Amino acid sequence: MVHRRTLLVGAAAAVLAPLAPPAWADAGFPSRRWVKIVFVNTGERFNNLYFSDGAYIFPAVKEFSWTCRDHRANEWKLIHPWLMDLLFVLHWKYNKDEIKILSGYRTSETNAQLEGAALNSQHMRAMALDIHIPDVDNDAVARDVKTFIYGGVGMYPGRDFVHCDFGPLRSWVG
């Protein structure tokens, strides 16, 4: 008997391979990509190649997703790999070795407990990250993210992070 989770993970592997944004490939975007992050809530790190030879590396995307899990509920969901591409671009742009992740996937229960969290947050779909790049102005990061993605960009000056997601196009200051 195949468990539902095993079936879903296998289906996700089949779906992820062709998801590389085509315009990036045409523009000469690197065919080997890596990210190096620290998930500040647990201190766990991810430092790995996640894209090579025209395809996402499913075990690496899965490991990244686990690292960025809902640490309160200890649950994870497969993070959209385009978020990893965004981090790769930010590594490149700012020449930074490591990016801090403050929030990745969230369960609906965790999201409901967080003050100011959107009721329909992209975090619950594993389509959002809250990030901080050490020694880089958050305003600059937010402006750059707006040029790199079609989605949501939230700036949180008092909390020292930028929200980025691949949901509907919008921006805000929180």
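The first residue of the sequence shown is numbered 1, and numbering continues consecutively from there. These numbers come from the heavy atoms of this one structure, side chains and all, not from hydrogens, waters or symmetry mates. Predicted, not measured: the structure shown is a model, and the values here were computed from it.
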For [X], check side-chain hydrogen bond (donor to acceptor under 3.5 Å, both in side chains) against everything at least two apart and list the hits.
X: N138; answer: D160
X: T110; answer: D70, T107
X: K96; answer: none
X: N120; answer: R125

Residues clustering with L114 (ILVMFWY side chains joined when closer than 4.5 Å, directly or via others):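 Reading the cluster by chain and number, L114 sits alone, since nothing else belongs.
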With side chains defined as the heavy atoms from C-beta onward, is the minimum distance between [X] and [Y] less than 4.5 Å?
X: P168; Y: Q122; result: yes
X: K100; Y: F161; result: no
X: K62; Y: W76; result: yes
X: I131; Y: L90; result: yes

Residue pairs, two or more places apart or on separate chains, that pass ring-ring contact (aromatic ring centres under 6.0 Å, His included) and touch residues 125-147: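 Checked against ring-ring contact (aromatic ring centres under 6.0 Å, His included) - neighbours excluded - no pair reaches residues 125-147.
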Indicate if [X] and [Y] have the same hydrophobic cluster label, given that clusters are the connected sets of ILVMFWY residues with side-chain heavy-atom separations under 4.5 angstrom.
X: F166; Y: V35; result: yes
X: L86; Y: Y156; result: no
X: V136; Y: M155; result: yes
X: L83; Y: I133; result: yes
X: L102; Y: V173; result: no

Can you give me the closest heavy-atom contact between [X] and [Y], atom names plus distance?
X: I101; Y: C68; value: CG2-SG, 4.1 Å
X: E75; Y: Y105; value: O-CD2, 3.6 Å
X: G104; Y: F39; value: N-CE1, 4.1 Å
X: V61; Y: I79; value: CG1-O, 3.9 Å

I'd like a table of donor-acceptor pairs (distance under 3.5 Å, sequence neighbours excluded) in which one partner is a side-chain atom from residues 145-154, with atom names and distances.
| residue | atom | partner | partner atom | Å |
| --- | --- | --- | --- | --- |
| T147 | OG1 | D144 | O | 2.6 |

Salt bridge (Lys or Arg N to Asp or Glu O under 4.0 Å) contacts in which one or both residues fall within residues 162-174, not counting sequence neighbours: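 The answer is D165-R170.
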Nearest-0.5 Å distance that lies between atom CD in Q113 and atom OG in S108: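 Atom-to-atom, Q113:CD and S108:OG are 10.0 Å apart.
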Separation of K77 NZ from R106 CZ (nearest 0.5 Å):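 The CZ atom of R106 sits 13.5 Å away from the NZ atom of K77.
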Results of side-chain contact (heavy atoms from CB on, under 4.5 Å) for A140 - residues two or more places apart only: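 A140: side-chain contact (heavy atoms from CB on, under 4.5 Å) contacts with Y94, D137, R143.
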Show the atom names and distances, to 0.1 Å, of all donor-acceptor pairs under 3.5 Å that link a side chain in residues 44-53 to residues at least two apart or in another chain.
| residue | atom | partner | partner atom | Å |
| --- | --- | --- | --- | --- |
| E44 | OE1 | R69 | NH1 | 3.3 |
| E44 | OE2 | T42 | OG1 | 3.2 |
| E44 | OE2 | R69 | NH1 | 3.1 |
| E44 | OE2 | R69 | NH2 | 2.5 |
| R45 | NH1 | E98 | OE1 | 2.7 |
| R45 | NH1 | E98 | OE2 | 2.4 |
| Y50 | OH | M84 | O | 3.3 |
| Y50 | OH | D85 | N | 3.3 |
| Y50 | OH | D85 | OD1 | 2.6 |
| S52 | OG | R32 | NH1 | 3.4 |

Non-neighbouring partners of D135 that pass salt bridge (charged side-chain N to carboxylate O under 4.0 Å, His left out), sequence neighbours left out: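 Once residues adjacent in sequence are excluded, D135 has no partner under the salt bridge (charged side-chain N to carboxylate O under 4.0 Å, His left out) criterion.
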Salt bridge (charged side-chain N to carboxylate O under 4.0 Å, His left out) involving K36 - partner list, sequence neighbours excluded: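 Applying salt bridge (charged side-chain N to carboxylate O under 4.0 Å, His left out) to K36 gives D97.
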Residue pair H123, H163: steps toward the side-chain contact (heavy atoms from CB on, under 4.5 Å) verdict: CA-CA 10 Å; H123 287 280; H163 168 96; 3.3 Å; yes
CA sep, side-chain torsions, deciding dist, call: N74, W66, side-chain contact (heavy atoms from CB on, under 4.5 Å): CA-CA 9 Å; N74 205 34; W66 172 254; 3.5 Å; yes
More than 12 heavy atoms of other groups within 6.0 Å of L169 CG: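 Yes, because the 6.0 Å sphere around CG of L169 holds more than 12 heavy atoms from other groups.
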